[in-house]
Amino acid sequence: MVLPSPSAREAFLSGARRSLLAWYRRHRRDLPWRRTRDPYRIWVSEVMLQQTQVATVIPYYGRFLKRFPSLRSLARAPGERVLAAWSGLGYYRRARHLHAAAQEVMRRFAGVIPADPAALRSLPGVGRYTAGALASIAFGLPEPAMDGNALRVLCRLLARRGNPQSPAALRVLEPAARSLLSGSRPGDVTQALMELGALVCIPASPRCPLCPLRGVCRAFASGLQSVLPEGVPGRPTRKLEAAVGVVRRGRSFLIVRRTGEGLMQDLWEFPGGILKPGEDARDGLARIGKERLGRPLRPKEKVASFRQTLTYRRLSVEAYRATLSEPLPAAVAAAGGIRWVRPVELLRLPHGSATRRILAKLAAGRAAPGASR
Ligand code: SF4
């Protein structure tokens with residue numbers, strides 16, 4: 001967008017700001033994290049909302065804050081309890097970072113979340129977006145928080161061509177966001193931009209007739225609203241198949257803890273893994289059992305089958321009732337990464353949504369008339 005002078009640019013953005021705030025006052029959703037000014041509670045919401053839908057976050061948010069009502073209680077909690085409270089929400093690195101950051105705030109800032117964006121960015125897991133969101137929403141500072149929604153709105157408002165995440169585009173969009181935030185209530189402007197992007201200025205077919213910015217929006221004026229933003233590279237999705245073995249001993253199930261550095265690190269799950277291309281689920285389970293337990297798993301009947309998306313991976317998961325070919329090797333059993341637990345205990349441990357889905361299928365199978373045990 002080219003405007004003739006800085007004053008014309010200021011007038012344009014302040015008009016947009018007024019319309020945006022008026023719309024936000026009338027249309028904003030009543031969400032739990034909008035009923036508080038507590039920086040800790042706002043921080044938890046911002047971390048949970050990264051890559052996760054509002055409707056999914058709401059019940060987790062309430063439960064998490066019940067368990068960890070203050071930054072101090074979160075910092076003091078064992079990592080396993082924090083992961084357990086996050087179980088099913090996905091992207092578990094967020095929980096690990098939030099926990100580590102809470103401990104660092106206790107240590108470096110005497111338990112007080114710093115209002116300074118640079119200090120916020122020095123905490124584990126706090127990047128430009130989270131620091132900006134916290135600074136503006138919790139501390140009322142004119143710091144932009146450019147999530148995908150806000151970026152899309154700004155990009156269309158200014159009819160910015162090209163990838164909006166490129167350094168060249170950010171050099172234009174970020175100052176525009178700062179100008180929008182100048183004045184009172186920067187936290188409301190931040191949330192209004194994100195809310196407009198979530199409800200009206202949506203990716204594929206923006207609802208321009210409902211938009212408070214349509215009178216000033218350059219993309220709308222030029223008919224580019226469905227074309228912009230341009231060139232946002234999407235990561236190609238990978239389709240994978242996974243097999244899981246449900247091994248039972250009395251009322252308990254065999255579970256293993258994920259090791260390594262992956263997304264699911266430290267979560268407890270039924271033994272399983274990704275199949276090799278063209279590998280049969282039964283052969284795969286024998287191999288995976290050997291790798292993870294030191295004994296091949298012998299699959300019986302299928303107990304669950306579902307699809308799951310993990311970041312850029314689309315998994316087709318098949319779970320089988322299974323047995324071990326021989327008892328577990330003593331060294332594996334003693335290493336601490338294997339347990340026999342009842343379902344209720346498993347649900348108290350950190351676990352992913354696939355584990356929960358398999359447990360639900362098992363419970364439904366038990367409840368079904370005529371089901372065998
Ligand atoms: Fe987005 Fe349309 Fe509003 Fe422009 S007028 S900001 S394209 S919804």
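In each ligand, atom 1 is the first atom listed, and ligand 1 is the first ligand listed. FYI, the numbering just counts along the sequence from 1.
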*Nearest to atom 4 (Fe) of ligand 1, what protein heavy atom do you find, and at what distance?*
Cys217 SG, 2.4 Å
*Quick one: do the Ser122 and Glu104 side chains pair a donor with an acceptor below 3.5 Å?*
no
*Could you walk me through whether Ser252 and Glu345 pass side-chain hydrogen bond (donor to acceptor under 3.5 Å, both in side chains), step by step?*
CA-CA 9 Å; Ser252 298; Glu345 295 169 87; 5.3 Å; no
*Donor on one side chain, acceptor on other, Gln191 and Arg34, under 3.5 Å*: yes
*Can you list the atoms of ligand 1 that are under 4.0 Å from a heavy atom of Cys211?*
3 (Fe), 5 (S), 6 (S), 8 (S)
*asked:* Taking 4.0 Å as the limit for heavy-atom contacts, which would you say applies to Arg156 with ligand 1: side chain only, backbone only, both, or neither?
replied: side chain
*How far is atom 1 (Fe) of ligand 1 from its nearest protein heavy atom, and which residue and atom is that?*
Cys201 SG, 2.4 Å
*Considering heavy atoms of the protein only, find what lies nearest to atom 2 (Fe) of ligand 1 and give residue, atom and distance to 0.1 Å.*
Cys208 SG, 2.3 Å
*Side chains of Arg307 and Ser316, donor plus acceptor under 3.5 Å*: yes
*asked:* Within a 6.0 Å radius of atom CD on Glu241, are there more than 12 heavy atoms belonging to other residues, nucleotides or ligands?
replied: no
*Report, in ascending order of atom number, the atoms of ligand 1 lying under 4.0 Å from any heavy atom of Gln225.*
7 (S)
